[in-house]
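Here the structure is laid out as structure tokens; the discussion comes afterwards.
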Amino acid sequence: MKRRFLAVCCALALVLGAVPAAGALEGEARRAADILATLGLADDAGDLTAPATRGQAAELLVKLAGAEQEAAASRWTAGFLDVTAQAAAAVNYAARQGWITGVTATAFQPGRTVTANAWSAFLLRMLGYSDKDGDFTVADAARFAQRIGLFPTAWDGAMTLGDLYETAAAALTFSYRDGSGTVIGRMVEQGAVTRSAANALGLLTPTLTARQAADRYASAVFCLQVYESQEALRENTPSAAASGFFIREDGLAVTNYHSIEGGETAFAILSTGEVCAVESVVYYDSGIDIAVLRIARTTRDGTAVSAFNHLDMVSTADVRPGDTVYTIGNPLGMGLAVSTGVISATDREVERYALPCIMNTADISKGSSGGALLNEYGQAIAVTSGAYLYGNNMYLAVPIDPVLTADLTVPGQPLAKASGAA
């Protein structure tokens, strides 16, 4: 008797999950404060619900850069007349590096509450991103930080001290723009933080928990909404809701071929709520059930997108049964969700697929098609695709290997042509 399986096709309804409002939960703020205090970056005392000031933000920024001693030794001044003696070294140093700006040429206003956008801009500049070069705008800096995975949730408005600590703690394991390593890694190299303290907190460990994987990489995954015709688009009646994930910051993304099959128009709905059109299909193989899409770098409302968070891809050659895996996708079209499991088998032959599938126990549902199967290092190893109908925890994912060798430099073709709709 043939084993029947259910392709995880796409649910019809898409209900985006509510985006958390700014303001850290007290437990999260306390946890972040403890982490920073252990590293010598913050005082764990104080009211975490109190407003965070621009002066405090500048001091924390310089500490995150591992430049506290260098700042204290510098005699350069930015010309701000209102900076306290306590904050002067950090403010002047950060201003000289181009990380912070004053409210006016002579006023930094260190006692003023720092906003999420201002703090995000400070951090992004320190990490090597530039608002002058068009990476982000200050008015939209917090959303950009969420889009690239620096922040796991949305932040807006005035920051509390707990908010400041939580976002700073999230930045510790984020990589510099130039690929020179993570924030905590550079701090250890510079001697600003001891390796033992960083190791004790697990900040130098390459393996990720499910939460860490979700915090850092959920924004690299998107909900995919597919329409069969222009009439369906006008009536906003999608034929399918699926998943996809970015593999390059310029907008190249992977999904299942069956997720886009028959579609004339499709949109990627990001974790930020922004909507970007599918511009073209640069590679597809219906037998393997993989497609590589080019996602527009302009949102539906006209906002330019300079970079997307993305997943590194690795071959499945070293994948073994028992390995920990995580899935991130759009189950039942209800918005992004994460699940965890283990590899059950690495070479499961399934009639539908031209290549052996990876079978695993990380839950997926309809709508998860095209989502990412991650290893414990946060790398994409496969594309979540289906499940055995009568099995228990028998989920299927197609290996990412064909994408690793595909020519992704081609212009691509319209979705309707690649999907068979034209």
Side-chain angles (χ1 to χ4, degrees), residues 5-17 149 208 210-211 213-226 238 240-248 252-261 263 266-271 276 278 284 288-293 295 308-314 316 319 324-343 352-353 357-376 378-387 393-403:
F5 68 97
L6 174 66
V8 184
C9 299
C10 314
L12 295 179
L14 177 68
V15 182
L16 286 177
L208 305 174
R211 174 168 180 168
D215 279 352
R216 185 63 71 219
Y217 296 117
S219 59
V221 184
F222 55 82
C223 304
L224 184 64
Q225 209 164 29
V226 182
S243 310
F245 58 93
F246 293 105
I247 56 172
R248 287 206 322 226
L252 278 190
V254 171
T255 189
N256 284 135
Y257 180 78
H258 80 256
S259 297
I260 63 168
E261 191 169 14
F267 295 92
I269 303 174
L270 312 186
S271 64
C276 298
V278 174
Y284 70 91
I288 298 172
D289 198 22
I290 282 182
V292 178
L293 314 175
I295 307 300
F308 297 97
N309 193 12
H310 64 285
L311 297 170
D312 291 333
M313 301 179 291
V314 293
T316 56
V319 174
T324 297
V325 288
Y326 310 119
T327 66
I328 305 178
N330 176 31
L332 298 182
M334 296 179 67
L336 298 180
V338 63
S339 63
T340 182
V342 298
I343 297 293
R352 172 193 175 117
Y353 302 105
C357 292
I358 294 175
M359 192 169 76
N360 66 92
T361 65
D363 290 337
I364 56 175
S365 301
K366 289 183 177 181
S368 296
S369 284
L373 184 70
L374 309 178
N375 62 18
E376 61 183 343
Q379 300 164 315
I381 59 173
V383 188
T384 55
S385 184
N393 295 321
M394 297 172 69
Y395 303 105
L396 300 171
V398 293
I400 200 72
D401 298 66
V403 180

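The model shown is predicted, which means the values in this text are computed figures rather than measured ones.
- To the nearest 0.5 Å, the span separating OG1 on T361 from CE on M394 amounts to 11.5 Å.
- Of all non-hydrogen atoms in T255 and G370, the two that sit nearest each other are OG1-CA, 3.5 Å.
- Side-chain atoms of S365 and M334, non-hydrogen and from C-beta on, never get closer than 4.5 Å to each other.
- Going from atom CD1 of I364 over to atom CG of N393 covers 11.0 Å, rounded to the nearest 0.5 Å.
- Checking N309, V254, I295 one by one against F246, the side-chain contact (heavy atoms from CB on, under 4.5 Å) holds for a single residue, I295.
- The CZ atom of R216 sits 9.0 Å away from atom CG of L208, with the distance rounded to the nearest 0.5 Å.
- Contact between G378 and L311 at its shortest, heavy atoms only, is O-CD2, 3.8 Å.
- Legend: salt bridge (Lys or Arg N to Asp or Glu O under 4.0 Å) pairs involving residues 393-403, not counting sequence neighbours: none detected.
- Between V398 and Y353, the closest heavy-atom pair is CG1-CD2, 3.7 Å.
- Between atom CG of residue N330 and atom CD of residue Q225 there is a gap of 9.0 Å, rounded to the nearest 0.5 Å.
- Counting all heavy atoms, side chain and backbone alike, A397 lies closest to L373 at CB-CD2, 3.9 Å.
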Query raised in the report: Stepwise, does the side chain to side chain contact (heavy atoms under 4.5 Å, CB included) test hold for L252 with F308?
Result: CA-CA 9 Å; L252 278 190; F308 297 97; over 6 Å; no

Query raised in the report: Would S339 and T327 count as a side chain to side chain donor-acceptor pair (under 3.5 Å) if you check the C-alpha gap in whole Å, the side-chain angles of each, and the deciding distance to 0.1 Å?
Result: CA-CA 5 Å; S339 63; T327 66; 2.3 Å; yes

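- Under the rule for a side-chain contact (heavy atoms from CB on, under 4.5 Å), the partners of N375 that lie at least two apart in sequence or sit in another chain are V314, Y377, Q379, I381.
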Query - V403 and I247: CA distance, side-chain angles, deciding distance, side chain to side chain contact (heavy atoms under 4.5 Å, CB included) verdict - result: CA-CA 10 Å; V403 180; I247 56 172; 4.0 Å; yes

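- Of all heavy-atom pairs between T316 and I358, the closest is CG2-CD1, 3.5 Å.
- Here the CZ-OG1 distance, from R211 to T340, works out to 14.5 Å after rounding to the nearest 0.5 Å.
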Query raised in the report: Step by step, would you call S243 with L224 a side chain to side chain contact (heavy atoms under 4.5 Å, CB included)?
Result: CA-CA 5 Å; S243 310; L224 184 64; 5.8 Å; no

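- Among residues at least two apart or in separate chains, there is no salt bridge (Lys or Arg N to Asp or Glu O under 4.0 Å) pair with a member in residues 331-342.
- Residues F245 and V383 form a side-chain contact, since some pair of their non-hydrogen atoms from C-beta on lies under 4.5 Å apart.
- Between I328 and A213, the shortest heavy-atom distance links the atoms CD1-O, 4.2 Å.
- The only option from N360, T384, D363 that meets the side-chain hydrogen bond (donor to acceptor under 3.5 Å, both in side chains) definition with Y395 turns out to be D363.
- Side-chain contact between V226 and S259 is absent, with no heavy atoms from C-beta onward closer than 4.5 Å.
- To the nearest 0.5 Å, the span separating CG on L270 from SG on C223 amounts to 9.0 Å.
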Requested in this report: Check the pair C357, R352 against side chain to side chain contact (heavy atoms under 4.5 Å, CB included), reporting the backbone distance first and the verdict last.
Outcome: CA-CA 10 Å; C357 292; R352 172 193 175 117; over 6 Å; no

